[in-house]
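Predicted model, so just to flag it, every value in this text is computed and none were measured.
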Amino acid sequence: MRQALAYRGETGMWVAEVPSLPGCVSQGKTFEQAIENVRGAIELHIEALEHHQQPVPGERFEAMLIAM
């Protein structure tokens, strides 16, 4: 299980990033589509790390929202 941060990007598309997997980002026209797409991106990202014999970072489940 991974945490994802989803937000509207500058173009209006939804962007979903996975903080525990640097560079693992996806997007979609809707929030739901972005989440579905980032699930696939997580799988591919982990497969690529394993293929290249790189360590797969664990999920830390440490997040805090700070609104200013």
Side-chain angles (χ1 to χ4, degrees):
M1 185 177 289
R2 297 280 174 171
Q3 292 183 76
L5 172 63
Y7 56 91
R8 273 202 197 272
E10 293 177 13
T11 64
M13 296 281 283
W14 281 91
V15 177
E17 296 185 47
V18 182
S20 64
L21 296 172
C24 186
V25 180
S26 194
Q27 62 182 8
K29 290 183 180 181
T30 65
F31 174 82
E32 292 79 12
Q33 191 177 52
I35 296 303
E36 181 179 330
N37 292 344
V38 82
R39 284 187 174 126
I42 290 168
E43 289 179 23
L44 292 173
H45 194 97
I46 291 173
E47 284 178 17
L49 289 172
E50 291 172 342
H51 177 77
H52 293 286
Q53 299 178 348
Q54 297 293 315
V56 177
E59 178 59 75
R60 296 179 300 272
F61 293 108
E62 299 170 353
M64 179 182 296
L65 175 64
I66 301 174
M68 298 180 79

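Follow the hydrophobic side-chain contacts under 4.5 Å out from V25 and you never reach V56; the two are in separate clusters. Linking Ile, Leu, Val, Met, Phe, Trp and Tyr whenever their side-chain heavy atoms come within less than 4.5 Å leaves I42 and L44 in two separate clusters.
Apart from F31 itself, the hydrophobic cluster it occupies contains W14, I35, where clustering links Ile, Leu, Val, Met, Phe, Trp and Tyr at side-chain heavy-atom distances under 4.5 Å.
Within the structure, no pair that satisfies the side chain to side chain donor-acceptor pair (under 3.5 Å) test touches residues 30-54, not counting sequence neighbours.
Residues meeting the side-chain hydrogen bond (donor to acceptor under 3.5 Å, both in side chains) test with Q27, sequence neighbours left out: none. For the side-chain hydrogen bond (donor to acceptor under 3.5 Å, both in side chains) test, residues two or more places apart in sequence or in another chain that qualify with E59 are Q3, S20. Residues that satisfy the side chain to side chain contact (heavy atoms under 4.5 Å, CB included) test with P57, not counting sequence neighbours, are L21, L49.
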